[in-house]
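A short write-up of the structure that comes next.
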Protein chains: 2
Amino acid sequence: MLEAGNVKKVYGQKGHIYTALKDINLEIKEGEFVGIMGPSGSGKTTLLNILSTIDQATSGSIRIDGNDIGKMKEEQLTSFRREKLGFIFQDYNLLDTLTIEENIVLPLALSKVKAKEIDRRVKEIAGKFGIEDILSKFPYQVSGGQKQRAAASRAIIANPSLIFADEPTGALDSKSATALLQSLSQLNVKDHATIMMVTHDAFAASFCSRVLFIKDGVIFTELVKGET
Amino acid sequence: MLEAGNVKKVYGQKGHIYTALKDINLEIKEGEFVGIMGPSGSGKTTLLNILSTIDQATSGSIRIDGNDIGKMKEEQLTSFRREKLGFIFQDYNLLDTLTIEENIVLPLALSKVKAKEIDRRVKEIAGKFGIEDILSKFPYQVSGGQKQRAAASRAIIANPSLIFADEPTGALDSKSATALLQSLSQLNVKDHATIMMVTHDAFAASFCSRVLFIKDGVIFTELVKGET
Ligand SMILES: Nc1ncnc2c1ncn2[C@@H]1O[C@H](COP(=O)(O)OP(=O)(O)OP(=O)(O)O)[C@@H](O)[C@H]1O
Ligand SMILES: Nc1ncnc2c1ncn2[C@@H]1O[C@H](COP(=O)(O)OP(=O)(O)OP(=O)(O)O)[C@@H](O)[C@H]1O
Ligand SMILES: [Mg+2]
Ligand SMILES: [Mg+2]
């Protein structure tokens, strides 16, 4: 499903450069639920942004479904992102001029899914995440945790086959966090969605089948479920 | 130190109104470290914004150090906020056009503290929170957890006597979270700073001497350390 070889990411220009990812090599199989853990500033968000094609690596290769991302044209990349990919950003990334509902349906806006089906999916997901009462509000009118649940809803409404989640439960109380993790787990088990999730939370990590540990831009070890 | 009587907060205009706080009554004594816990959307951020004078209540009274906030002139409120108050926002609220260091020293910008002393304090706090290497970066160039630690540094650099912290460890790994909580606890024990902290995290709550539980805009129960 996803392979990364010698991926490096350097930020900055000539004088001030910072190497956020030194040499990342990994392989994620279809249907895996993989966690990424590591200290603040170790490169987790940078890695997720690059693997999901949101940002570009400085060097190295990334293949998704066998396709070399570096060689895909922008048009191919855009339709790949829209149809296959779901992303929950660390800072939610909701559009302030759209309502919560409009933000959630955005990934379906250009798809062929009928309006009635879109409506059904919104009601179902909003119910699962407890945000049915805030659908007509704007992002500035809802709480931190409500924004995060809206962002999670947007990421899964199009039933993506590959989901990247960057600390999806950071702003949530345990009830909301559990609902969100169970939904991700359901997509993983029932729909064979592949999931990569960054987390600091041991409870969230317990939903993963494998956890990669990153420090100073390298993956230095991993834990596989079943091992302790 | 802080008393709130029949505080109510209603958002919205005529047709669409939402009551975020129904009837809040509380008293915080000087030197207390009080936690606030509750489901996402229950009114925690709203309560903190009102008690700290960042937002206004719809009705009810708030007294800080015996002064009725509703009766204070804007000039008095501004100098009170600058000299006595420290705030760690849920969304960090760093200014994008300033460096991390400039954001941290902002509360001291108008004070009489000498430049040499300001420099010493920045180095000390940045060292405690592990962000000495990012002081010359801008907010968009640092990670989520680094932003949160910068926001926490700004909140405590002026040694405020009253600190409001809204999920200050949400984006932090356990090492950074522990460093931050220990610093807050040190201010509380050594300098008798009064602290109100919203959190979802049981470890953070364990630093509090009392925890208030809020649901649907009312404080329905509390736990006092020593009781189990
Ligand atoms: N500007 C606003 N206009 C309308 N409703 C609002 C506004 N701000 C907040 N609310 C509503 O008030 C309620 C309380 O919000 P608040 O941000 O205080 O919650 P919270 O307890 O901090 O939640 P979280 O744990 O998710 O951060 C929520 O239901 C939210 O939708
Ligand atoms: N645009 C940028 N320019 C320069 N440095 C950057 C930039 N973005 C990130 N960095 C640096 O790269 C490193 C990795 O950042 P990243 O956001 O990937 O960390 P993270 O592991 O997600 O941390 P957190 O747990 O705090 O979210 C950090 O040291 C950060 O300061
Ligand atoms: Mg991150
Ligand atoms: Mg909040």
Side-chain angles (χ1 to χ4, degrees), chain A residues 11-13 15-18 20 36-49 89-92 94 129-131 133-134 136-150 166-167 169-177 179-180 198-203 213-216, chain B residues 11-13 15-18 20 36-49 89-92 94 129-131 133-134 136-150 166-167 169-177 179-180 198-203 213-216:
Chain A
Y11 288 111
Q13 313 300 335
H16 298 286
I17 66 166
Y18 181 81
I36 303 172
M37 298 184 88
S40 166
S42 54
K44 301 183 298 294
T45 294
T46 303
L47 177 60
L48 232 52
N49 286 346
F89 296 91
Q90 189 169 3
D91 59 1
Y92 319 143
L94 297 171
F129 293 153
I131 51 172
D133 306 340
I134 62 164
S136 58
K137 287 190 177 177
F138 287 87
Y140 75 89
Q141 294 179 313
V142 302
S143 78
Q146 290 170 331
K147 280 184 197 137
Q148 192 160 45
R149 283 178 282 160
D166 197 344
E167 304 199 29
T169 61
L172 300 183
D173 58 284
S174 53
K175 197 171 134 223
S176 307
L180 174 55
V198 165
T199 185
H200 291 303
D201 176 12
F203 175 65
F213 290 84
I214 187 171
K215 196 173 164 63
D216 299 327
Chain B
Y11 288 111
Q13 312 298 337
H16 298 286
I17 65 167
Y18 181 82
I36 303 173
M37 296 183 92
S40 168
S42 56
K44 302 183 296 296
T45 293
T46 304
L47 177 60
L48 231 54
N49 286 346
F89 296 89
Q90 188 169 2
D91 59 1
Y92 319 142
L94 297 170
F129 292 154
I131 51 173
D133 305 340
I134 61 163
S136 57
K137 286 188 178 179
F138 288 87
Y140 77 88
Q141 295 179 312
V142 302
S143 79
Q146 289 170 331
K147 281 182 196 137
Q148 193 161 46
R149 283 179 281 161
D166 197 344
E167 304 200 30
T169 61
L172 301 184
D173 58 283
S174 54
K175 200 172 129 214
S176 308
L180 175 57
V198 165
T199 185
H200 292 304
D201 176 12
F203 175 64
F213 290 86
I214 187 170
K215 197 175 165 64
D216 299 325

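Values below: all heavy atoms of this structure, side chains included; hydrogens, waters and symmetry mates excluded. Here is how names work: the chains are called A, B, and so on, in the same order as the sequence lines, proteins then strands, and each is numbered from 1.
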Q: Under the side-chain hydrogen bond (donor to acceptor under 3.5 Å, both in side chains) rule, collect the residues that match up with A:D201, sequence neighbours excluded.
A: none

(Q) Can you list everything that forms a side-chain hydrogen bond (donor to acceptor under 3.5 Å, both in side chains) with A:N49? Sequence neighbours excluded, please. (A) none

Q: Please answer whether the main-chain N or O of B:H200 pairs with a side-chain N or O of A:D173 as donor and acceptor at a distance below 3.5 Å.
A: no

Q | Which portion of A:T45 sits near chain B, non-hydrogen atoms under 4.5 angstrom | A |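 No part of it gets close to chain B.
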
Q. What part of A:Q146 is in contact with chain B, defined as an atom under 4.5 angstrom from a non-hydrogen atom: side chain, backbone, both or neither?
A.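 Both parts, heavy atoms under 4.5 Å.
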
Q.
Just so I know, are the side chains of A:S143 and B:S40 near enough to count as touching, which here means a heavy-atom distance under 4.5 Å?
A.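 Result yes, sub-4.5 Å side-chain heavy-atom pair found.
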
Q: Would you indicate whether the side-chain heavy atoms of B:Y18 and A:K137 approach each other to under 4.5 Å?
A: yes

Q | Atom of A:G144, atom of B:Q90 and distance for their closest heavy-atom approach | A | CA-NE2, 3.7 Å

Q: Determine the option with the most heavy-atom pairs under 4.5 angstrom with chain B, choosing from A:Q141, A:M37, A:R149.
A: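 Among the listed options, the one with the most contacts to chain B is A:R149.
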
